[in-house]
Amino acid sequence: LKILIKNIRGLAGVVDAADNRKMLRGNELSEYHIIQDAWLAIEDGKIADFGTMANWPGISDWRDLEVIDAEGRFVFPAWCDSHTHLVWAGSREVEFEDRLRGLSYEEIAKRGGGILNSVEKLRSADAAQLIEASLERAYEIIASGTGAVEIKSGYGLDLDSELKMLRVAGEIGQQTPLTIKRTFLGAHALPPEYKNDKQGYIKLLVEQMIPRIAGEGLAEYIDAFCERNYFDEKDLSVILEAGVRYGLKPKIHVNQFSVSGGVSVALNYDAVSVDHLEILGEGEAEAIAATDTIATALPLCSLFLGIPYTPARALLNAGAALAIATDFNPGSAPSGNMNLAVSLACIQMKMLPAEAFNAAARNGAAAMELHDTHGSIRIGNQANAFITKPMPSAAFLPYYFGINPVERLILNGQII
Ligand SMILES: [Zn+2]
């Protein structure tokens with residue numbers, strides 16, 4: 001199948017074939033190219049060519065060609081959501097109400113809430129139920145313009161349940177057109193059976209779970225929740241040492257509620273990304289900027305929990321590479337809407353639309369090591385793009401917030 005999209009008001013996120021930068025840093029995030037009055041050709045699942053309508057060569061071969069007239073509309077590269085917990089069982093709106101009534105996290109946890117609530121539900125769900133619920137969410141994010149997604153485990157917290165989660169995540173990649181990457185997050189919380197034995201659980205992670213999961217090729221990345229009352233920087237070192245030994249690359253939850261020293265541990269292990277960073281310690285922005293590690297902000301989590309937003313300007317001024325992602329999960333961000341994440345990045349984090357677009361697509365792709373194929377409109381890239389509803393400019397997308405701007409989506413060269 002070949003697709004030609006013509007009369008595009010603005011073809012956004014265009015990258016020159018010679019531009020092979022893995023990611024954009026600091027000021028580079030404001031480099032965002034839009035071709036006005038454009039066409040885009042897709043063939044064999046790849047972006048074949050594009051240009052302005054004034055220089056359009058016309059159609060010489062109509063066989064198997066689908067022509068889309070995108071008059072008044074923009075075409076963007078599909079979003080690359082590099083941090084989600086999309087596989088889960090049940091929901092947690094009861095805790096949500098408890099929190100609205102003023103209960104603290106501690107009180108909610110005492111009532112059986114928090115991550116362990118999801119652990120209990122996930123352990124008792126069978127794989128078929130889990131696939132059904134997760135596929136529904138996967139189609140939701142596709143409908144809102146996401147083409148590639150990272151999915152973490154971490155609600156199983158025992159070997160069988162973690163394997164179940166990662167296999168279900170693999171099914172999402174098989175049964176939908178999403179490109180997926182999987183991350184083992186066994187160190188998300190202490191499971192109830194190890195409540196008073198953190199070292200025992202870390203031993204289980206290091207000696208059994210990591211070797212088995214890496215051995216079966218069920219994940220490419222390793223994650224840990226480095227936070228007060230969860231896993232500290234010493235635990236993180238032990239876990240990452242084992243993960244790296246088995247070929248898993250770090251992507252770390254760090255600095256959500258407190259500065260822990262986890263950032264420097266993650267950087268020492270060449271983390272692909274350090275995620276959350278709602279709080280930045282002295283010199284941490286500069287330390288991240290000196291490496292290839294991507295800082296990933298999760299604005300939907302900040303919105304939902306009412307916690308600070310990641311200081312994007314401090315990170316960009318230091319020259320860091322910044323991505324934005326949803327953190328789609330049942331407790332702290334029950335939304336996988338990247339359009340809303342882009343709006344919040346502008347409204348709350350004072351990113352310019354161009355910077356937010358790059359953070360949500362090109363740098364998001366880099367935070368999943370998909371930068372050679374995803375996140376931009378570049379000849380040879382996988383044909384993942386969405387056509388918006390009619391809009392006057394690209395900045396209209398984050399400005400006119402809270403609706404779904406996506407009218408049609410193309411993934412792997414197929415119209416969805
Ligand atoms: Zn998360």
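The structure presented is a predicted model; accordingly, all values stated were derived computationally and were not measured. Counting starts at 1 for both ligands and their atoms, in listed order.
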What one should report as the nearest heavy-atom pair of Leu280 and Pro311 is CD1-CG, 3.7 Å
The ring pair (Phe, Tyr, Trp, His ring centres under 6.0 Å) partners of Phe357 (sequence neighbours excluded) come to Tyr32, Phe76
Identify every side-chain donor-acceptor pair in residues 249-257 under 3.5 Å, counting partners at least two apart or on other chains, and give the distances.
{"residue": "Lys249", "atom": "NZ", "partner": "Glu369", "partner atom": "OE1", "Å": "3.3"}
{"residue": "Lys249", "atom": "NZ", "partner": "Glu369", "partner atom": "OE2", "Å": "2.9"}
{"residue": "Lys251", "atom": "NZ", "partner": "Ser82", "partner atom": "O", "Å": "3.4"}
{"residue": "Lys251", "atom": "NZ", "partner": "Ser273", "partner atom": "OG", "Å": "3.2"}
{"residue": "Lys251", "atom": "NZ", "partner": "Ala367", "partner atom": "O", "Å": "2.5"}
{"residue": "His253", "atom": "ND1", "partner": "Asp223", "partner atom": "OD1", "Å": "3.1"}
{"residue": "His253", "atom": "ND1", "partner": "Asp223", "partner atom": "OD2", "Å": "2.8"}
{"residue": "His253", "atom": "NE2", "partner": "His83", "partner atom": "NE2", "Å": "3.0"}
{"residue": "His253", "atom": "NE2", "partner": "His85", "partner atom": "NE2", "Å": "3.3"}
{"residue": "Asn255", "atom": "ND2", "partner": "Ile279", "partner atom": "O", "Å": "2.9"}
{"residue": "Asn255", "atom": "ND2", "partner": "Glu284", "partner atom": "OE1", "Å": "2.7"}

Those residues at least two apart in sequence (or on a different chain) that pass side chain to side chain donor-acceptor pair (under 3.5 Å) with Ser144 are none
One checks the Zn ion (ligand 1) and counts protein N, O or S atoms under 2.8 Å, reaching 4
Are Glu216 and Arg212 close enough for a salt bridge, meaning some N to O gap below 4.0 Å? yes
Main chain of Leu122, side chain of Lys164: is a donor-acceptor contact present, judged purely on distance under 3.5 Å? yes
